[in-house]
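Because the structure is a prediction, the values reported are computed rather than measured.
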Amino acid sequence: MRKPIIAGNWKMNHTLETGTQLIHGLMETADQFPHIDTLICPPSFLLERAISLTQNTNIKVGAQNCHPEKKGAFTGEISANMLANLGCQFCIVGHSERRHIFNESNAFINQKVQACLQEKVIPILCVGETQNERDSGTTFSVIQAQLQEGLRNIDCHPTQLVIAYEPVWAIGTGNVATPQQAQDVHAFIREQLKGLYTPEFSQAIRIQYGGSVNPENIENLISQSDIDGALVGGACLTRDSFIQLLHHSQAYALG
Ligand code: PGA
């Protein structure tokens, strides 16, 4: 059985003070959910603190982005090598905001996936179609290209990689995908991974849904057979909301 993974993508939110408070708040309760991989992805200035505070707890820490080069003249960037050195276990790669605001290509994202794997940081590769792409019926071909190009020459164990399906039109809009819409794309992703890798690989890898997930809708999503967790933005920013997400996912971690 695939262990659910509930990840909070803080994006560019929280200060040293409020972020630290949130981590402390989560630490008080997260140990009640040993059957869920609980992950927080704070902004990079908070990573070191998050990692040191959550040592010996059930909370794992991930970054929101990385650069594929180890070091050098890349002002403002942080490398996968640096993340590994900090003790960071995961890194979100190819989030739609990186693709669309910062113009990241599938080829560049592929380099990041490679760098993460080389450093033993688990990449969470995000894929998803825009509203226009959905409306014009190209959802599946867009996702297929993002997977094929994002995973080009990537050879790894299914536990070393996570995929997140995040329809762009659902992110930050309150316009969550229906459980059936999400399940259909998750099943398609699993089928694609079967072709790219093996049936065993595709059955073992975890695929998260992201886009306007909240405590009210998570249960209907995570109960779908191919949805193994959530990548959550807005609803991960307060303790109570994030803990509610874990509560509502608990049953699917046990059954
Ligand atoms: P949202 O963001 O939950 O606020 O829609 C999800 C994400 O961008 O990962």
Side-chain angles (χ1 to χ4, degrees), residues 5-13 41 64-65 92-113 123-152 154 161-197 202 205-237 241 245 248-249:
I5 174 169
I6 306 294
N9 172 10
W10 294 16
K11 308 192 181 182
M12 198 169 71
N13 291 293
C41 301
Q64 298 174 15
N65 183 33
I92 300 171
V93 172
H95 188 276
S96 87
E97 284 145 23
R98 301 296 318 173
R99 290 177 188 266
H100 296 106
I101 305 173
F102 301 99
N103 291 320
E104 290 190 3
S105 65
N106 282 325
F108 189 44
I109 290 162
N110 174 252
Q111 289 177 29
K112 295 181 187 214
V113 174
I124 300 178
L125 173 63
C126 300
V127 297
E129 80 288 1
T130 63
Q131 184 71 62
N132 273 347
E133 289 162 345
R134 176 158 284 261
D135 292 345
S136 61
T138 54
T139 296
F140 292 114
S141 58
V142 167
I143 305 279
Q144 184 177 43
Q146 289 173 339
L147 288 171
Q148 279 177 358
E149 293 171 37
L151 295 174
R152 182 159 287 153
I154 301 291
L161 176 70
V162 174
I163 305 289
Y165 168 54
E166 296 206 306
V168 181
W169 47 270
I171 296 178
T173 59
N175 191 14
V176 64
T178 65
Q180 193 59 53
Q181 280 174 324
Q183 165 59 26
D184 288 349
V185 179
H186 280 237
F188 176 79
I189 292 172
R190 221 177 277 291
E191 194 59 32
Q192 291 296 305
L193 294 171
K194 198 166 150 185
L196 290 173
Y197 297 96
S202 85
I205 193 165
R206 292 178 299 178
I207 310 175
Q208 299 176 285
Y209 168 80
S212 295
V213 173
N214 62 36
E216 284 75 52
N217 61 30
I218 193 166
E219 210 163 328
N220 284 336
L221 290 159
I222 204 169
S223 57
Q224 300 294 312
S225 58
D226 286 301
I227 301 184
D228 307 314
L231 179 55
V232 185
C236 80
L237 293 175
S241 172
L245 293 168
H248 289 293
S249 307

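Judged by distance alone, with hydrogens and angles left aside, the side-chain atoms of Q181 form a donor-acceptor pair with the main-chain N or O of T178 at under 3.5 Å. The main-chain N or O of G94 is found under 3.5 Å from a side-chain atom of R99 such that the two form a donor-acceptor pair. The backbone N or O of F108 lies less than 3.5 Å from no partner atom in the side chain of Q111, so there is not a single donor-acceptor pair. Under a 3.5 Å cut-off, the side chain of R152 and the backbone N or O of L147 do not form any donor-acceptor pair. In this structure a side-chain-to-backbone donor-acceptor pair under 3.5 Å is present from S241 to A235. Side-chain atoms of N13 come within 3.5 Å of backbone atoms of W10 as a donor-acceptor pair (strictly under, hydrogens ignored). E149 places no side-chain N or O within 3.5 Å of a backbone atom of N110 that could act as its donor or acceptor partner. Between the Q208 side chain and the I5 main chain, a donor and an acceptor come within less than 3.5 Å of each other. Remark: the backbone N or O of I218 is not paired with any side-chain donor or acceptor of H248 at under 3.5 angstrom. Here the side chain of Q64 pairs a donor or acceptor atom with the backbone of C41 at under 3.5 angstrom.
Taking CZ of R98 as the reference point, atom NZ of K112 lies at 5.5 Å (rounded to 0.5 Å). Rounding to the nearest 0.5 Å places CD of Q180 at 6.0 Å from CD of Q224. Taking CD1 of I163 as the start and CG of L231 as the end, the distance is 12.0 Å to the nearest 0.5 Å. Atoms CG and OH, on L125 and Y165 in that order, are 14.0 Å from each other to the nearest 0.5 Å. In this structure, the separation between CZ on F102 and CG on N65 is 8.5 Å, given to the nearest 0.5 Å. Interatomic distance, E133 CD to T139 OG1, rounded to the nearest 0.5 Å: 7.5 Å.
Nearest heavy atom pair, residue V93 against residue P123, reads CG2-CB, 4.1 Å.
Side-chain atoms of Q183 and D226 form a donor-acceptor pair, as typed in the model, at a separation below 3.5 Å. There is no side-chain donor-acceptor pair under 3.5 Å between S141 and Q144. With hydrogens and angles left out, the side-chain atoms of H95 and E166 include a donor and acceptor closer than 3.5 Å.
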Take V232 and Y209 through the side chain to side chain contact (heavy atoms under 4.5 Å, CB included) test and state the conclusion after the steps. CA-CA 8 Å; V232 185; Y209 168 80; over 6 Å; no
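I6 places a side-chain heavy atom less than 4.5 Å from the side chain of I222.
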